[in-house]
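Chain A is the first sequence line, chain B the second, and so forth, proteins listed ahead of strands; every chain is numbered from 1.
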Protein chains: 2
Amino acid sequence: MSRPTIAAVARVAGVSVASVSRVLNGLPATEEMAARVQQAVDQLGYVPDSRARSLKVGRTFQLTLAVADVGNPVYVTMMRAVEEVVSAAGYRLVVTTTGPDVVDEVALVRGMARGYADGLVISPLRVDDDLVKSIQECDVPVVVAGNVPARAGVDTVRANSPKGMRLAVDHLLDRGRRRIAFVNGPVDTVPGTARSRGFTEAMKTNGLEPVAVVEATDFTFPAGRAAGAELLDGGFPDAVIAANDLLAVGLMHELAARELRVPDDVAVIGMDDSELAEQSFPPLTSVNLGSAERGRRAAELLLARIEDDSRTPRRIVVQPSLSVRRST
Amino acid sequence: MSRPTIAAVARVAGVSVASVSRVLNGLPATEEMAARVQQAVDQLGYVPDSRARSLKVGRTFQLTLAVADVGNPVYVTMMRAVEEVVSAAGYRLVVTTTGPDVVDEVALVRGMARGYADGLVISPLRVDDDLVKSIQECDVPVVVAGNVPARAGVDTVRANSPKGMRLAVDHLLDRGRRRIAFVNGPVDTVPGTARSRGFTEAMKTNGLEPVAVVEATDFTFPAGRAAGAELLDGGFPDAVIAANDLLAVGLMHELAARELRVPDDVAVIGMDDSELAEQSFPPLTSVNLGSAERGRRAAELLLARIEDDSRTPRRIVVQPSLSVRRST
DNA sequence: TTGAAAGCGCTAACAC
DNA sequence: GTGTTAGCGCTTTCAA
């Protein structure tokens, strides 16, 4: 037996389909009408079909969050924050993994035109003109959790990496470290670029030269370990800043393999302040780039734009803080 | 300007909407027809509306994966596996977090009747009669990645926890440990029950008495640390098995706080063999309960049932293995 | 091979 | 306050 439709409910209740719809949507109706409808609904076990509703009202009540890698704990934090905001507003959240390639990001944004979601929060790893264009042309609202040019005219929420880097470098100086190295992720990514610039500036401000800078192949744990090996083969830092927590933890494994102690021999700072930072050993000092707040703000921006598509795009910058733990 | 519809394409191409639909769906048509339609599609930038399509064909081409906690790395592994299988079959994956309560799981399953997805893979933390009933009554196919009674008559893919426990205990005995303790998660959960039973059996088989057994409040890192404190206040194990990797890592932090060395003073084994196991320090020996394979098999079962709802329910058991690392 | 037309299940005018 | 009805955009008979 197939699912009952609104027509079946109407028949059983002896009323019109419109009345059933009204009662179900809380529109004005007499007590008696409401009762009859409710009884029929219960009797048949009727549940409205969201597909049909979507088609009619032009909304799916579904929002998409696109991240590069579900295995990166920073996205877990962001995902939780986004989920909280959108579900409070009555939306379901669809989490999609784009992978590292910009073409897949573009395909995803273009695919939004199919209308399976009412909006998109995307945290792009790589950005090019195609991606910006696809966002601008997208039929549904898109909010970027990351960095796109201001002239793109899209809502964005981003971190302040340079300031975060300053926090990290200042902290290391406080701890008496001078021989500072940097493990970045791929510099052709959005976070990679931002952190590279931030690191360079922060070092220059303090009149320091980096002991070494290496670029990991991606933002993952194994890449962090490999980058750590490369770094340590080339120099003897007394502190290393890593572009995210996964890289930092990978690096710490390489340090351990070489019997270098953290923080005694080498201090390590990560970025993102994800759950991994407190779970790692020793617990990782990490720059909190506000991923929870960024997620929350991005979701709010998206909801606001769904309400009113004509509002002027906002560019929110979330300020960082430092979570000091035992790795420094 | 609003999105072009199939009618607009038909108008521009000077053909009927039916022909446009046919060309788009690869049904027989003349070369010329195909060309004209394609040109109109390109010109207008037409993209079919998946909502309308869903309503008509009765499918959303969307599948749901429901897990208790996105922050648990075991689900990352499972999610990746499920995603791979379903996207290869042309479906989008919606990942939903249910939280720890069975009522929310039930609500989720019931909500599937709204038709926003064509199927569900659920990994329930807690199972009761209501949940089983809601799964049986569900309008769309449901596959359980976990343990429900055979009489429920639903497709399931589950781990073999008892055998996993045996692997863990045998390994510890090999390493010369005898004073074995166990940190379980809540025993009113599916994995909690299974692991409790498995541990008890494995110990009995070897004629051993546990030094201590404690039950963490949930399967998280902080709960692991708290449970570790309780455990160590009560006894002096030379090895601890934890019911999952997060608990194991939490426990290791407590050990470190008490200046107990892993594995010298206390060996530690986790379960799940998630990415966290290799990221932790020291790297964690962990029972691989086949989460990737369970995800893959569950997804395959779901696709098969969508194809043919009359097939007899299958109950797949995935065998465990042990990933030995430095924590033992 | 192509076109006309009937819906899929629902909501929102509009008329009563 | 309630019922009738026209679609939302698409696919799929059914005829031509």
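Applying the salt bridge (charged side-chain N to carboxylate O under 4.0 Å, His left out) test to every pair with at least one member in residues 56-84 of chain B, sequence neighbours left out, gives these pairs: A:Asp69-B:Arg80, A:Arg80-B:Asp69, B:Arg80-B:Glu275. The side-chain hydrogen bond (donor to acceptor under 3.5 Å, both in side chains) analysis of residues 92-117 of chain A, with sequence neighbours excluded, yields the pairs A:Gln62-A:Arg92. For residues 2-30 of chain A, no pair satisfies ring pair (Phe, Tyr, Trp, His ring centres under 6.0 Å), with sequence neighbours left out. Among residues at least two apart or in separate chains, side-chain hydrogen bond (donor to acceptor under 3.5 Å, both in side chains) pairs with a member in residues 298-308 of chain A are A:Asp155-A:Arg305, A:Asp308-A:Ser310.
The side-chain contact (heavy atoms from CB on, under 4.5 Å) test applied to A:Val41 returns A:Val9, A:Leu24, A:Val37, A:Gln38, A:Tyr46, not counting sequence neighbours. With sequence neighbours excluded, the residues that form a side-chain contact (heavy atoms from CB on, under 4.5 Å) with B:Arg158 are B:Asn147, B:Arg315, B:Val317. Residues that satisfy the side-chain contact (heavy atoms from CB on, under 4.5 Å) test with A:Ala7, not counting sequence neighbours, are A:Thr5, A:Arg11, A:Val17. Considering only residues two or more places apart in sequence or on other chains, A:Val12 meets the side-chain contact (heavy atoms from CB on, under 4.5 Å) condition with A:Ala40, A:Gln43, A:Leu44. In this view, A:Phe61 and A:Tyr91 satisfy the ring pair (Phe, Tyr, Trp, His ring centres under 6.0 Å) rule, not counting sequence neighbours.
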Can you give one letter per nucleotide of nucleotides 7-16 of chain D, 5' to 3': B if a protein heavy atom sits under 4.0 Å from the base, S if only from the sugar-phosphate, - if neither?
BBBBBB----
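Shortest non-hydrogen contact noted between B:Met112 and B:Ala117 is CE-CB, 3.7 Å.
For the contact set between residues 36-43 of chain B and DNA chain D, defined by any heavy atom under 4.0 Å, there are no members.
Nucleotides of DNA chain C lying under 4.0 Å from heavy atoms of chain B occupy a range whose first and last members, 5' to 3', are C:dT1 to C:dG9.
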